[in-house]
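Below: one structure, written as structure tokens.
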Amino acid sequence: MGVLERLKSQIYQALTRAAQEAREEGRIACGQIPPFTLEVPREKAHGDLATNLAMLLSRAAGQPPRLIAQVLLEYFRGGNRIARVEVAGPGFINFFLDPSWLYEVLPEVEAQDESYGCSSLGQGQKVQVEFVSANPTGLLHMGNARGAALGDTLARILAAAGYDVTREFYINDAGNQIETFGHSLEARYLQLLGHDVPFPEDGYPGQDLIDNMKSLIAEVGDKYVAIDPRLRRERLVKYALKEKLARMERDLTDFGVVYDVWFSEQTLHDSGAVENVLRELQAKGYLYEDEGALWFRSALFGDEKDEVLVRGNGTPTYFAVDIAYHQNKFQRGFKRVVNVWGADHHGHVPRLKGAMRALGFDPDRLEVIIMQLVRLFKGGAPVRMSKRTGEYITLRELMEEVGRDAARYFFLLRSADSHLDFDLDLAREQSSENPVYYIQYAYARICSILRNTEAPLPRAQEAVLEALQDPAELALIRKIADLPGEILFAATSLEPHRLAHYAYELATLFHGFYTTCRVLTEDPVLRAARLVLVNACRITLRNTLGLLGVSAPERM
RNA sequence: GCGCCCGUAGCUCAGGGGAUAGAGCGCUGGCCUCCGGAGCCAGGUGCGCAGGUUCGAUUCCUGCCGGGCGCGCCA
């Protein structure tokens, strides 16, 4: 918990006590003290913190808010950290803190260093983030790329907030699409070997499958031509799947994403987990047969209609397997299970949550982040994707085009709820127009200053930090002090884009400070204090970029 | 038709029930004796529409309009 969080919680409690005492003595006629806000106001003129408590009490008490505020202040014992209090506007109570709190921030940052910003909110609870989980029959596209940036940064944020995080990739290595995959591979394999066979109508048309089969032929030649087609497809699938997954893992690693678990769908079939969960639902009376299929009464749990779990041909649907998979997640002891899904899967959410409820799990422990689609722009026009030909821009190509840092940052800048227009030209721009370079430039500038100091960096405890009085200095410290709160908020709301904006704002304040205040001045006291400030800014910026998975270069 | 997401500045987007709604890009004009000018400063326009809840609504609710995505014994 940072300095600001501690002060906030002290004032919050003092306000609560003041309200209680005023009520007991009959000065304010209200019942329970409602939950109120205590926030940093947008306007600096409104103080360092402001509360709406008086306005909230006004209705129940039948007294005007400004009067209640005055009464509250009579009872308020906030301690010596508060320089001034005022009642303002419709009934806000504004607190002006003694500036000394700002100077406590810097030693704290320095001492905590790499863990500055972290908290123990999660108390070591196990949380899983499952993301990307791309169909292994293809390549990673823009939707997967956005999911990768989002899921990974979410995982980093949750870890920083004190959770024990597991990153998981669910491999769809069973079911219909694997059948189709097999037939597609088989056609490519035979075609490459000169056989005139048709490509399946619903097959995967991309060049990537041809490449898979070329490399297989380089290894084993035509040895699968003459064998039983079923066995042949099995072999081709096994080979191509391995190659594709290895490639995905490599691409994701280069994107800064490292998984703890690669979970195979096939294992759910092999272990009997699918059968077991069907039996369990059956025993609870949530299944019924109709038209030869086995149905789940998902409408009972808020879904639009019931869903098929086992088809007429006896094979389980994707949904049935997904129920088994999520049951498995909870059985592994995760307190929170977070999924990152594309918007085209949103209809799946209520029925999966319903299934979890049917199985006796609290559906709120399953949190699904739905992210809207990505459109690529180049030269001001959208880049067309073709599902028909299987041609689209891949994650690998994106990284080659704009680099990992810009790619991740651009994905993280927008809320998941928002459609994302990805401007390839801007992302590739290595100039001031590109926000990611703007932030990194701030970091490189800091490192440059620190390189230019011949003496060892002064410790925060030794420096006279009160020498920092310039508005630009104070604003920068204030922003540095915000990081712990920002991470807490991003972790509870599962909104990584907050930190992308925070990084930019921090960089802006640093650049402003840099222009106004010369760090390496003649005055040794001021110089030492500014070096401490700059170093704290370096730590804060580095930690924030670390959460975004964007590199912090010492030189550019 | 039903469901989910979105609608805020010319464009792309932030905005946690609060006070005078912000940023980037683009446009115009300034700032280099000195720590990296990939920087700084200044200039202006806006919450889709209509109701409701509230002391207070860009924020919550309802309806409408507009855009995206779903609604399969596909995944």
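The chains referred to below are lettered A, B, ... by the order of the sequence lines, with proteins before strands, and numbering in each begins at 1. This structure is a prediction, so every number in the text was calculated from the model and none was measured.
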* Counting only side-chain N and O atoms of A/Arg42, is one of them less than 4.0 Å from OP1 or OP2 of B/rA14? -> no
* Would you call the rings of A/Tyr504 and A/Tyr438 parallel, tilted or perpendicular if under 30° counts as parallel and over 60° as perpendicular? -> parallel
* To do: Please determine if A/Arg84 forms a cation-pi arrangement with A/Phe96, meaning its NZ or CZ atom is less than 6.0 Å from the six-membered ring centre and no more than 45° off the ring axis.
  => yes
* Is any side-chain nitrogen or oxygen of A/Arg451 closer than 4.0 Å to OP1 or OP2 of B/rG36? -> no
* Kindly say if A/Arg498 contacts the phosphate of B/rG15, meaning a side-chain N or O under 4.0 Å from OP1 or OP2. => yes
* Report yes or no: is the ring centroid of A/His345 under 5.5 Å from the six-membered base ring centroid of B/rG70, with the two planes under 30 degrees? => no
* To do: Taking atom P in both B/rU20 and B/rU28, compute the distance separating them and give it to the nearest angstrom.
  => 34 Å
* Asked: Which part of the nucleic acid, if any, lies within reach of A/Phe377 when heavy atoms closer than 4.0 Å are counted: base, sugar-phosphate only, or nothing?
  -> nothing
* To do: Examine B/rG36: is either OP1 or OP2 under 4.0 Å from a nitrogen or oxygen in the side chain of A/Ser448? Give yes or no.
  => yes
* Contact class for A/Asp306 (heavy atom, under 4.0 Å): base, sugar-phosphate, or nothing? -> nothing
* Asked: A/Ala444 near the nucleic acid: base, sugar-phosphate alone, or nothing, with a heavy-atom cut-off under 4.0 Å?
  -> base
* Would you tell me whether A/Asn172 and A/Tyr318 have side-chain atoms, one donor and one acceptor, within less than 3.5 Å of each other? => no
* Asked: Which of residues 174-182 of chain A have a heavy atom under 4.0 Å from RNA chain B?
  -> A/Asn176, A/Gln177
* Using a cut-off of strictly less than 4.0 Å, decide whether A/Ser418 has a side-chain nitrogen or oxygen near OP1 or OP2 of B/rA14. => yes
* Tell me what A/Asn52 touches on the nucleic acid: a base, only sugar-phosphate, or nothing, going by heavy atoms under 4.0 Å. => base
* **Closest to side chain of A/Ala88, choosing from B/rA19, B/rG68, B/rG15** => B/rA19
* **Sorted by number, the residues of residues 133-151 of chain A with heavy-atom contact under 4.0 Å to RNA chain B** => none
* Counting only heavy atoms not in A/Gln32, do more than 12 fall under 6.0 Å of its CD? -> no
* Asked: Where does B/rC32 land, syn or anti, given syn is within 90° of 0?
  -> syn
* Asked: Hey, does the side chain of A/Tyr438 come within less than 4.0 Å of B/rC40's phosphate (OP1/OP2), counting only N and O?
  -> yes
* **Closest non-hydrogen atom pair between A/Gln266 and A/Ala174, with its separation** => OE1-CB, 3.3 Å
* Structure fact -> Regarding the side chain of A/Phe489, the nearest nucleotide among B/rG16, B/rG68, B/rC35 is B/rG16
* Asked: With a non-hydrogen cut-off below 4.0 angstrom, is A/His46 in contact with a base, only sugar-phosphate, or nothing?
  -> base
* Asked: OP1, OP2 of B/rA14 versus side-chain N and O of A/Ser415: anything below 4.0 Å?
  -> yes
* **Any A/Asn172 side-chain N or O less than 4.0 Å from OP1/OP2 of B/rC74** => no
* Structure fact -> Expected list for residues 61-71 of chain A near RNA chain B, using heavy atoms below 4.0 Å, is none
* Asked: Looking at the side chain of A/Ala293, which of B/rC73, B/rG16, B/rC71 is the nearest nucleotide?
  -> B/rC73
* Asked: A/Asp421 or A/Val310: which one's nearest nucleotide on RNA chain B is closer to the 5' end?
  -> A/Asp421
* **Euclidean distance for P, B/rC32 against B/rG37 (whole angstrom)** => 13 Å
* To do: For the residue pair A/His497 and A/His501, categorise the inter-ring angle as parallel (less than 30°), tilted (30 to 60°) or perpendicular (more than 60°).
  => perpendicular
* Asked: Do A/Asp405 and A/Gln440 have side-chain N/O donor and acceptor atoms under 3.5 Å apart?
  -> yes
* Among A/Ile33, A/Val71, A/Leu67, find the one that has a side chain to side chain contact (heavy atoms under 4.5 Å, CB included) with A/Ile28. => A/Val71
* Presence of A/His419 side-chain N/O under 4.0 Å of B/rG7 phosphate oxygens OP1/OP2 -> no
* Residue-phosphate contact under 4.0 Å: A/Tyr170 side-chain N/O, B/rA75 OP1/OP2 -> no
* To do: Determine the Euclidean distance between corresponding P atoms of B/rG36 and B/rU58; express it in Å to zero decimal places.
  => 47 Å
